[in-house]
Number of protein chains: 2
Amino acid sequence: MSIAIENFVKAIYKNGKRDNNDTKPGNIAKELGISNAAATDMAQKLASKDLLHYEKYQALKLTDKGNKMALNVVRKHRLWESLLFKLFDMSLHDIHREAELLEHQTSDLLADKISEYLGNPKFDPHGDPIPNANGEITTTDTSMALSQTSEGKKYTISRLMSDDKEFFDFCAQHGLKYGNSLFVSKQFNKNKMTQISINNNTILLNEDFTSIIYVNENH
Amino acid sequence: MSIAIENFVKAIYKNGKRDNNDTKPGNIAKELGISNAAATDMAQKLASKDLLHYEKYQALKLTDKGNKMALNVVRKHRLWESLLFKLFDMSLHDIHREAELLEHQTSDLLADKISEYLGNPKFDPHGDPIPNANGEITTTDTSMALSQTSEGKKYTISRLMSDDKEFFDFCAQHGLKYGNSLFVSKQFNKNKMTQISINNNTILLNEDFTSIIYVNENH
DNA sequence: AAATATTTTTAAGTAAGCTTAAATTTTTTT
DNA sequence: AAAAAAATTTAAGCTTACTTAAAAATATTT
């Protein structure tokens with residue numbers, strides 16, 4: 001299957017995770033940076049390949065086959081991110097961009113070799129779960145968005161859900177990194193702003209940030 | 001530039017290394033597994049992009065720009081082979097196939113990171129030289145084909161110039177590996193067959209093999 | 001050097017993956 | 001519930017990278 005198809009199926013998978021009604025052609029088109037017409041076209045084509053269910057004007061739903069393909073690509077993406085993160089001193093944003101290309105040029109055999117080399121990790125450097133070779137995901141996710149946390153408690157960063165360079169630069173600068181600890185000192189304005197302490201610094205984060213930084217409470 | 005273009009330029013580079021008159025469209029077409037017509041077409045297109053010199057019915061010659069592009073792709077290919085060879089237990093043939101795809105999806109930054117991680121190696125696991133970031137190749141190649149060697153001397157394997165699975169399987173089975181030593185016991189039939197000792201075994205190789213296994217004399 | 005074979009080129013056509021523009025359907029607003 | 005806005009779909013067209021078939025040029029054989 002082509003790169004365009006893999007990316008299309010992956011986009012449906014990703015959007016569907018967020019919001020099940022976010023998989024209409026227009027939303028996928030936006031995600032991929034193509035026209036709505038192209039997305040509709042592709043959706044009809046992929047329906048005929050049994051990768052998704054297509055009904056005019058409705059949200060796109062992956063078939064089992066389509067879901068499996070998406071998970072296979074996501075697996076390769078996250079394995080590459082894990083490997084590059086381990087071996088090289090590169091920003092998470094750069095690593096993400098490389099993985100975005102490498103994911104489509106990786107045999108299942110190589111993916112397994114990478115996984116084995118890394119000790120079959122369950123999470124990538126963003127904290128996102130890595131599907132196994134059968135497309136199964138470990139989803140014992142008890143984490144919450146930073147915007148949902150309570151004042152006066154300590155948390156550990158479990159996921160940084162973004163591809164954005166500015167975001168990662170900011171995170172790197174302030175020690176906001178997968179696995180690091182932080183303390184929530186104050187929630188303002190009905191949790192629209194959150195004040196945290198990390199590495200002996202106090203920073204104030206708005207909802208753009210606190211909605212994509214996920215944490216687990218420390219016990 | 002597209003994958004098709006990178007592969008086209010690389011094929012001219014590779015064929016040109018072997019034999020300067022081996023770069024007519026038909027030979028490139030054979031190398032790439034496309035029709036002669038497609039190769040002529042592409043040649044004309046790449047001439048207009050200043051990647052090669054095209055004259056009707058003549059061999060294709062890369063411009064400086066085209067040569068640089070080819071070396072950049074070759075660099076990435078050989079760096080990937082070196083990395084995969086170091087990290088994973090995979091056959092040279094499989095490694096070659098993965099590198100064939102990865103080479104086109106690798107930023108210059110990532111190539112530099114791989115090179116640095118490996119200690120800026122000058123040769124890949126086949127013994128082929130790795131161009132540096134400026135496209136310069138270390139060519140202090142004093143090696144000779146096994147078919148050119150003399151009876152009664154010891155040599156070290158310096159290059160295995162093939163992409164063929166059967167060949168690599170045979171090599172792996174008999175310890176014919178980059179860096180290994182061997183002893184040439186006999187040349188038969190005007191060097192058309194060569195008898196060697198390696199790992200306490202004696203094997204007889206025909207010209208198909210002795211023309212692509214390169215060695216340096218031990219002193 | 002003529003005849004034959006091979007190679008290269010041109011020409012016409014195809015599939016994938018896009019585009020823009022217009023028509024249709026759905027959704028939102030009033 | 002009608003009008004306006006937004007999204008989706010259809011239609012027509014483009015580019016890339018191929019294909020096959022025929023024409024033209026080059027290379028080889030005799």
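Numbered from 1 within each chain, the chains take letters A, B, ... in sequence-line order.
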Might you list the N or O atoms of the protein lying below 3.5 Å from N or O atoms in nucleotides 2-6 of chain D, with each pair's distance?
none

Show the distances under 3.5 angstrom between N or O atoms of the protein and N or O atoms of nucleotides 22-25 of chain D.
{"from": "D:dA25", "atom 1": "O4'", "to": "B:Tyr57", "atom 2": "OH", "distance (Å)": "3.1"}

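Residue B:Ala38 is in base contact, counting any heavy-atom pair closer than 4.0 Å across all strands shown. Residue-level contact check: B:Phe8 touches neither bases nor backbone, having no heavy atom under 4.0 Å from any strand.
In this structure, the side-chain contact (heavy atoms from CB on, under 4.5 Å) partners of B:Ala70, at least two apart in sequence or on a different chain, are B:Val9, B:Tyr13, B:Leu62. Listed by chain and number, the residues in a side-chain contact (heavy atoms from CB on, under 4.5 Å) with A:Arg97 are A:His93, A:Asp94 (sequence neighbours excluded). In this view, A:Glu6 satisfies the salt bridge (Lys or Arg N to Asp or Glu O under 4.0 Å) rule with no residue, not counting sequence neighbours. Every side-chain contact (heavy atoms from CB on, under 4.5 Å) that B:Ser162 has, sequence neighbours left out, goes to B:Asp164, B:Phe167, B:Ile212.
The salt bridge (Lys or Arg N to Asp or Glu O under 4.0 Å) analysis of residues 35-52 of chain B, with sequence neighbours excluded, yields no pairs. Within the structure, the side chain to side chain donor-acceptor pair (under 3.5 Å) test picks out the following pairs touching residues 75-90 of chain A (sequence neighbours left out): A:Asn72-A:Lys76, A:Arg75-A:Asp112, A:Lys76-A:Asp108, A:His77-A:Glu81, A:His77-A:His96, A:His77-A:Glu103, A:Trp80-A:Thr106, A:Glu81-A:His96, A:Glu81-A:His126. Listed by first and then second residue, the ring-ring contact (aromatic ring centres under 6.0 Å, His included) pairs that reach into residues 40-66 of chain A come to none, sequence neighbours excluded.
Residues B:Asn120 and B:Ser115 bring a donor and an acceptor atom of their side chains to less than 3.5 Å of each other. Checking A:Asp22 against A:Asn27 by side-chain atom types alone, a donor-acceptor pair falls below 3.5 Å. Side chains of A:Asp169 and A:Ser91: no donor on one and acceptor on the other come within 3.5 Å. In this structure, a donor-acceptor pair under 3.5 Å is present between the side chains of A:Thr194 and A:Gln187.
Within the structure, a side-chain polar atom (N or O) of B:Ser2 is placed less than 4.0 Å from OP1 or OP2 of D:dA17.
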Just do the salt bridge (Lys or Arg N to Asp or Glu O under 4.0 Å) check on B:Lys10 and B:Glu100 with the steps written out, would you? CA-CA 11 Å; B:Lys10 191 177 100 178; B:Glu100 205 70 30; 2.7 Å; yes
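Contacts between residues 39-49 of chain A and DNA chain D, defined by a heavy-atom separation below 4.0 Å, involve A:Thr40, A:Gln44, listed by number. Within residues 97-105 of chain A, no residue approaches DNA chain C, by heavy-atom distance under 4.0 Å.
Atoms CG and CG, on A:Leu60 and A:Leu51 in that order, are 12.0 Å from each other to the nearest 0.5 Å. Distance check: A:Thr63 OG1 to A:Met69 CE gives 9.0 Å after rounding to the nearest 0.5 Å.
Where DNA chain C meets chain A (any atom under 4.0 Å from a heavy atom), the bounding nucleotides read 5' to 3' are C:dA16 to C:dT27.
A residue-by-residue look at A:Gln58 and A:Ala37 shows that A:Ala37 has its nearest nucleotide of DNA chain C further toward the 5' end.
Between B:Tyr178 and B:Phe123, the distance separating the two ring centers is not shorter than 6.0 angstrom.
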